[in-house]
Number of protein chains: 4
Amino acid sequence: MTRGRPRDTAIEGRLLAAAAEELRRGGYEGLSIDRVAERAGVAKTTLYRRWASKAELVVALIASMREEIPFEPSDDPRGDLTTLVVTIAAGLSSTPTSLIADLAAASARDPRVGESVRALWADRHGAVTAVVAKAQQAGIVLSHVAPAVLVDQLVGPLYYRLLVTGEPLTPDYARTLMLSVLGPEESP
Amino acid sequence: MTRGRPRDTAIEGRLLAAAAEELRRGGYEGLSIDRVAERAGVAKTTLYRRWASKAELVVALIASMREEIPFEPSDDPRGDLTTLVVTIAAGLSSTPTSLIADLAAASARDPRVGESVRALWADRHGAVTAVVAKAQQAGIVLSHVAPAVLVDQLVGPLYYRLLVTGEPLTPDYARTLMLSVLGPEESP
Amino acid sequence: MTRGRPRDTAIEGRLLAAAAEELRRGGYEGLSIDRVAERAGVAKTTLYRRWASKAELVVALIASMREEIPFEPSDDPRGDLTTLVVTIAAGLSSTPTSLIADLAAASARDPRVGESVRALWADRHGAVTAVVAKAQQAGIVLSHVAPAVLVDQLVGPLYYRLLVTGEPLTPDYARTLMLSVLGPEESP
Amino acid sequence: MTRGRPRDTAIEGRLLAAAAEELRRGGYEGLSIDRVAERAGVAKTTLYRRWASKAELVVALIASMREEIPFEPSDDPRGDLTTLVVTIAAGLSSTPTSLIADLAAASARDPRVGESVRALWADRHGAVTAVVAKAQQAGIVLSHVAPAVLVDQLVGPLYYRLLVTGEPLTPDYARTLMLSVLGPEESP
DNA sequence: CGGTAAGCGAGACGGTACGTCTAGTCTTCCC
DNA sequence: GGGAAGACTAGACGTACCGTCTCGCTTACCG
């Protein structure tokens with residue numbers, strides 16, 4: 001029923017790409033609508049026709065950034081978990097801290113952004129949870145604590161260091177976390 | 001040594017009160033320096049002489065809002081730790097999340113702010129570290145992992161839930177964290 | 001020769017009516033093409049197919065507004081003239097000033113608009129000129145000055161007050177102008 | 001009484017000069033606030049602190065462009081009047097018509113602008129009124145019509161031609177107006 | 001009767017300007 | 001030197017408007 005000139009589908013991609021670049025450079029705060037539009041070679045009105053505000057743009061952007069990181073669980077839960085946590089730590093420390101912090105702040109301000117951001121992490125954390133559950137079933141983790149809590153204790157400290165204490169996220173630290181949660185590896 | 005007109009000590013209080021009101025109404029984003037100064041009946045210069053930026057003002061504001069919770073370590077490290085973690089969780093969940101997230105974001109952008117914010121948490125976290133070390137020495141915690149890491153695994157998940165997953169910080173959750181780190185209490 | 005779907009003749013009227021209403025409310029400046037089209041229930045394209053720009057639309061609008069005010073000269077030029085000038089004054093003061101001013105401004109910017117607007121006044125002013133010439137021939141006006149100049153001195157002050165000094169255009173003022181130009185009436 | 005940092009007096013001049021240049025190039029329509037500010041090397045807020053809108057800026061600009069034409073009344077009211085009217089006509093016809101029309105339009109929309117614009121003409125028109133009154137007292141003008149009306153009939157036609165009929169404002173025309181109002185000069 | 005040319009509705013698009021807001025710095029005078 | 005007042009820079013924000021464009025549908029006339 002609603003007709004008219006169809007939207008140029010390429011524009012959305014260009015805008016999101018431009019916004020991503022802006023976000024990468026200056027974080028949420030430093031993302032300027034004018035610059036995004038200019039970088040995308042698009043009129044500001046065209047951007048606003050799609051997203052009514054900066055927040056909505058970022059929501060869409062984050063959603064579009066969810067890369068499918070395929071993870072293949074092996075028979076070695078302990079090894080899998082180490083890989084996962086180290087990878088997450090590496091991913092976090094290779095992303096500008098201010099960006100992650102800005103996303104957290106934007107999430108806290110706008111529930112829709114929050115949802116979008118959580119969906120962004122969902123894959124990775126879901127994988128961790130799955131492996132932890134598996135390890136628990138295999139008897140590797142003796143704890144009777146819910147897997148979700150163990151995940152919080154593996155992943156939470158990473159964000160904590162990043163956002164609160166400012167300490168570095170080394171692979172060693174990630175492994176130490178593993179050790180603390182899983183206990184020392186038993187020699188065969 | 002110090003010359004010239006002494007600072008009007010009442011002003012600081014008026015400014016912080018004004019800032020608190022602004023923060024209450026519009027959050028970090030909606031806090032306007034101009035409005036704070038005007039509401040306090042004070043020149044903007046006077047505000048900036050005390051705090052170099054909006055972030056620092058908010059840091060000071062938060063600091064002023066923090067109640068000195070004197071903590072007296074008892075002979076029961078496990079009980080002490082539980083009290084501490086539950087208290088921290090309660091403090092965090094009673095503060096608007098957006099505030100904490102904005103502080104983290106401001107920290108990531110400006111190291112000086114980061115330092116201030118860290119000082120804000122320092123007391124509490126210091127206390128936790130001390131008790132954890134004590135518990136470890138007392139043999140309650142069998143882990144050979146550094147106390148700092150255990151603290152990260154007690155406190156980190158709280159921030160993680162708050163800033164990342166958005167899940168609630170209940171006292172039960174805090175206790176579950178304790179359990180996971182310390183292991184089940186041994187019956188005497 | 002002419003192929004394709006013929007233009008809907010009713011649309012032009014609806015557009016002009018809509019434009020007239022818009023002009024009445026907000027003057028030239030406040031006339032928005034988008035709103036005119038919407039008010040007429042017509043696509044913007046359809047409007048632009050008829051007039052290539054806002055100015056041309058207004059030109060057509062003004063042209064369509066030319067009401068034929070039939071004027072029947074009597075044997076009493078002085079009376080006729082009074083009637084005419086008072087009528088013109090009344091017409092001007094019953095029209096929003098800003099509209100007249102905007103038309104003048106649009107005229108100054110675009111010659112085509114100017115031509116159209118002048119045609120709008122032409123009838124009335126033509127009638128005045130005719131009567132003045134007649135009065136001059138009848139010896140009522142002693143001046144040897146060209147009728148056109150006398151007309152300027154009768155009508156010009158009306159616009160002058162309206163557009164420049166902002167003073168009101170009362171019937172009395174109109175009569176005073178008459179008196180000044182024609183001189184006092186001779187008693188028979 | 002006036003406290004705070006004083007306005008930088010040089011800025012006003014720079015802004016007006018920039019606006020004048022803009023006006024010269026693109027007329028009222030083509031004058032962009034952003035460009036004026038940029039050309040003047042000044043923040044837009046600084047401009048808006050002085051004039052609340054484009055119209056007000058232009059009012060000030062026009063006012064600043066008005067040269068103080070010192071007028072010394074002689075013993076020859078007829079000559080004085082001729083000089084004045086011819087000068088006014090010259091002034092009007094040397095100014096872009098669209099500017100004057102735009103000022104009239106802006107006046108009609110905003111009373112404050114109207115006041116400013118009237119003040120702009122006040123000097124000249126005041127001088128004319130004074131000389132007319134003097135001429136009337138000296139018996140040169142026999143009319144018993146109020147001076148203000150005579151002034152309207154001398155000056156009004158100039159604006160009328162400019163804004164309505166579009167006819168040129170020649171010195172001859174001005175003299176004809178004089179002649180019509182004052183009557184033919186008596187030979188000594 | 002089917003092709004084709006134009007009218008039409010709906011709305012996207014580029015481009016540009018507007019006026020408002022904010023943070024933080026700077027300048028001046030007063031105590 | 002502290003304080004008040006406010007000017008100043010820099011730049012983002014979201015809205016409005018104009019005139020062009022791109023669709024798909026509809027209506028006529030023409031062969």
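Each chain gets a letter, A, B and so on, in the order its sequence line appears, and its residues count up from 1. Values in this document were obtained by computation on a predicted structure and should not be read as measured data.
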Report summary line: Ranking P6(A) and A43(D) by the position along DNA chain F of their nearest nucleotide, the one closer to 5' is A43(D)
Report task. Starting from C1' on dT25(E), measure out to NZ on K54(B) and report it in whole angstrom. Result -> 17 Å
Report task. Report which part of the nucleic acid G30(D) touches: base, sugar-phosphate, or nothing (heavy-atom distance under 4.0 Å, all strands). Result -> nothing
Query raised in the report: Is a donor-acceptor pair below 3.5 Å formed from side chain T45(C) to base dA10(E), judging by atom type as modelled?
Result: yes
Query raised in the report: Tell me: CD1 of I11(C) to C1' of dC8(E), nearest whole Å?
Result: 7 Å
Requested in this report: Ignoring backbone atoms, establish whether R49(D) has a side-chain N or O less than 4.0 Å from OP1 or OP2 of dG6(F).
Outcome: no
Query raised in the report: Tell me: CG of D34(C) to C1' of dG11(E), nearest whole Å?
Result: 11 Å
**Report entry** NZ/NE/NH1/NH2 to OD/OE distance under 4.0 Å, R24(B) and E21(B)
**Finding:** yes
Requested in this report: Answer yes or no: is there a donor N or O on one side and an acceptor on the other, between the side chain of R35(D) and the main chain of G30(D), under 3.5 Å?
Outcome: yes
Query raised in the report: With a 4.0 Å cut-off on heavy atoms, is L57(C) in touch with a base, just the backbone sugar-phosphate, or nothing at all?
Result: nothing
**Report entry** Phosphate contact (dC8(F) OP1 or OP2) by R14(D) side-chain N/O below 4.0 Å
**Finding:** no
Query - Distance below 4.0 Å between T46(C) side-chain N/O and dG7(E) OP1 or OP2 - result: no
**Report entry** Intermediate values then yes/no, side chain to side chain contact (heavy atoms under 4.5 Å, CB included), L57(D) and L16(D)
**Finding:** CA-CA 8 Å; L57(D) 165 61; L16(D) 289 175; 4.1 Å; yes
**Report entry** N/O (side chain, R5(C)) to phosphate O (OP1/OP2, dT26(F)) under 4.0 Å
**Finding:** no
Report task. Measure the shortest side-chain to side-chain distance between R49(C) and R7(C) over non-hydrogen atoms and say whether it is less than 4.5 angstrom. Result -> yes
Query raised in the report: Within 45° of the axis and under 6.0 Å from the centre of the six-membered ring of Y48(B), does NZ or CZ of K54(B) qualify?
Result: no
Report summary line: Closest to the 5' end of DNA chain E, once V42(A) and D8(C) are matched to their nearest nucleotides, is D8(C)
**Report entry** Distance, rounded to the nearest Å, where R50(B) contributes CZ and dG1(F) contributes P
**Finding:** 16 Å
**Report entry** Value in whole Å for how far the C1' atom of dT9(F) lies from CZ of R39(D)
**Finding:** 20 Å
Report task. Report which part of the nucleic acid L47(C) touches: base, sugar-phosphate, or nothing (heavy-atom distance under 4.0 Å, all strands). Result -> nothing
Report task. Assign K44(A) to base, sugar-phosphate, or nothing according to its heavy-atom contacts below 4.0 angstrom with the strands shown. Result -> base
Query raised in the report: Within less than 4.0 Å of OP1 or OP2 of dA23(E), is there a side-chain N or O belonging to S32(B)?
Result: yes
Report summary line: In whole angstroms, the gap separating C1' of dT25(E) from CH2 of W51(B) amounts to 18 Å
Requested in this report: Figure out the CD1/C1' separation between I33(C) and dC18(F), and round it to whole Å.
Outcome: 8 Å
Requested in this report: Please determine if a side-chain N or O atom of R35(A) lies less than 4.0 Å away from the OP1 or OP2 oxygen of dA12(F).
Outcome: yes
Query - Length of the line joining Y48(B):OH and dA7(F):C1', which is rounded to integer Å - result: 15 Å
Query - Steps toward side chain to side chain contact (heavy atoms under 4.5 Å, CB included) verdict (W51(A), L15(A)) - result: CA-CA 11 Å; W51(A) 307 287; L15(A) 279 169; 3.8 Å; yes
